[in-house]
Amino acid sequence: MELTISALSASGLPPISTGGPTSTHIFCGLGGDTLGLAEAGFVPTLALNHSPTAVASHQLNFPHCSHDCADINNYDMRHLPRTNVLFGSPICKESSPAGGNAMETAQMELPQDGATGTYTPAATWERTRATAYDLLRAAEVHRYDAIMWENVVRFATAWPLYDWWLKAWEVLGYVPQVASVNAAHLGGGLESSNRRAPQDRNRLIGVMVRKGIAPPDLRPRPECVCPECGPVLGVQHWRNPRGRKVGAFGAQYDFVCPNRSCRHRRAAPVTDPALDVLDLSLPQQRIGDGKPNRRKFTSYATTPPRSTGTGCCSSSPRRDCLCRT
């Protein structure tokens, strides 16, 4: 995918500044985080990744930024330049729903001292732990003003060391801030320089700010529509107020109207359809046509549901069952 700075600038985004605060980017990719910081006036100084493809993609979009292709887990953080902020997102493959949540059985167990039937349990979350620790290692050396990251929700809800990881930031002298957001709710409409993403992606956004520096306000306030008040800026409302403030939209939290006159009714966030960014002239396959696997093409639904004679495909009909119609 060739997404160049000239093309981005031509679309109405501001050009990258040549002066101002500086940023370092580890685990870099196409450069969305780099562009966001550049729009805020930061100068990207170094981008780092172990993948040559990722580094080449970033270099294509940010040719004035230095680049290095190296194993970050074994990288001497003293070689990083001194910058104001660091951006780096720990790996999410072990916690992403797209991975099938099969990380617990992804590695082989090892026999103990050759004893039959005695095994050491398979290690889990190895890459998550290592890449999350890389951010701590860099901050320990350079004491950035702020460290920024993003990840999937399961990074906080399923990784056993997440709470310890947050505590480690406090030991280093940082104030951790984490927000649960959805990509479809961030930004504005057609006239905004920061368009909403036309995709439903629940994410965690984190900013670790050094103590003594005013922290940013990460509370999402998306454009919403209240049934009574009309267009408003929604307020994040957690379904379990006493629970952990981490989760997904529509499951752990919703948005409500900020006005008392409607008793803070639930408000629907304004979103943009995916059709806005799809080129339907390109050859493509419908999801309903099935998906290919490693050996042969398998349809999603090969046979219709079998009737039980009760007018439903189940002996215990559901309210939403299509057989009712």
Side-chain angles (χ1 to χ4, degrees), residues 21-29 33 36-37 42 45-50 68 70-96 99 103-104 106-107 121-181 202-219 238 242-248 252:
T22 54
S23 60
T24 298
H25 305 260
I26 60 177
F27 313 116
C28 71
D33 56 285
L37 285 172
F42 285 79
T45 303
L46 174 68
L48 184 69
N49 200 311
H50 68 280
D68 194 3
D71 180 7
I72 300 175
N73 293 155
N74 297 306
Y75 195 82
D76 188 341
M77 296 303 178
R78 294 174 298 177
H79 294 162
L80 294 177
R82 290 191 177 275
T83 57
N84 298 97
V85 301
L86 171 72
F87 193 103
S89 297
I91 191 172
C92 65
K93 289 184 178 179
E94 292 174 329
S95 53
S96 172
M103 72 290 292
E104 290 80 5
Q107 302 180 42
T124 57
W125 303 94
E126 284 189 338
R127 297 295 294 168
T128 299
R129 181 172 61 251
T131 53
Y133 185 55
D134 286 334
L135 297 183
L136 289 168
R137 292 197 303 118
E140 185 181 11
V141 173
H142 296 287
R143 300 291 176 172
Y144 302 98
D145 292 339
I147 294 91
M148 290 165 276
W149 57 273
E150 71 84 28
N151 215 302
V152 296
V153 175
R154 278 178 54 85
F155 176 66
T157 60
W159 183 36
L161 295 180
Y162 175 75
D163 291 329
W164 168 89
W165 187 68
L166 291 184
K167 282 291 183 183
W169 286 107
E170 296 179 4
V171 172
L172 283 180
Y174 288 88
V175 179
Q177 284 189 298
V178 181
S180 295
V181 300
N202 290 297
R203 290 292 185 269
L204 298 180
I205 302 294
V207 178
M208 285 35 176
V209 179
R210 195 152 46 85
K211 292 179 180 178
I213 299 177
D217 185 358
L218 299 184
R219 292 174 296 181
W238 293 90
R242 298 182 180 180
R244 197 178 196 182
K245 300 300 189 292
V246 171
Q252 282 73 41

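Nearest heavy atoms, His25 versus Leu37: CE1-CD1, 3.5 Å. Looking at every heavy atom in both residues, Thr157 comes nearest to Arg244 through CA-NH1, 4.3 Å. Closest heavy-atom contact between Ala168 and Leu136: CB-CD1, 3.8 Å. Nearest heavy-atom pair across Asn49 and Phe27 is ND2-C, 3.4 Å. Nearest heavy atoms, Leu135 versus Gly88: CD1-O, 3.2 Å.
A donor-acceptor pair is defined here as one N or O able to donate and one able to accept, closer than 3.5 Å; such a pair exists between the side chain of His142 and the backbone of Met77. A donor-acceptor pair under 3.5 Å is formed between the side chain of Gln177 and the backbone N or O of Pro216. Side chain of Thr24 to backbone of Leu46: no donor-acceptor contact under 3.5 angstrom is found. With hydrogens and angles ignored, the 3.5 Å screen pairs no side-chain donor or acceptor of Arg210 with any backbone N or O of Ile147. A donor-acceptor pair is defined here as one N or O able to donate and one able to accept, closer than 3.5 Å; such a pair exists between the side chain of Thr22 and the backbone of Asn84. No side-chain donor-acceptor contact under 3.5 Å links Tyr75 to the backbone of Asp134. For the pair Ser180 (side chain) and Gly247 (backbone), a donor-acceptor distance under 3.5 Å is present.
In this structure, the side chains of Lys245 and Val178 stay at 4.5 Å or more apart for every pair of heavy atoms. The closest side-chain heavy-atom distance from Leu80 to Val141 is not below 4.5 Å. Arg154 is not listed as a side-chain neighbour of Leu204, based on a closest heavy-atom distance of 4.5 Å or more. Thr45 is listed as a side-chain neighbour of Pro81, based on a closest heavy-atom distance under 4.5 Å.
Taken from CD1 in Ile26 to CG in Asp68, the straight-line distance is 12.0 Å, to the nearest 0.5 Å.
For the pair Glu140 and Arg137, the salt-bridge criterion is not met [side-chain N within less than 4.0 Å of a carboxylate O].
At most 12 heavy atoms of other shown residues, nucleotides or ligands fall within 6.0 angstrom of atom OH in Tyr133.
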Between Thr131 and Ile72, is a side chain to side chain contact (heavy atoms under 4.5 Å, CB included) present by the stated rule, with each step listed? CA-CA 8 Å; Thr131 53; Ile72 300 175; over 6 Å; no
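Ring geometry for Trp165 versus Trp169: interplanar angle over 60°, hence perpendicular rather than tilted (30 to 60°).
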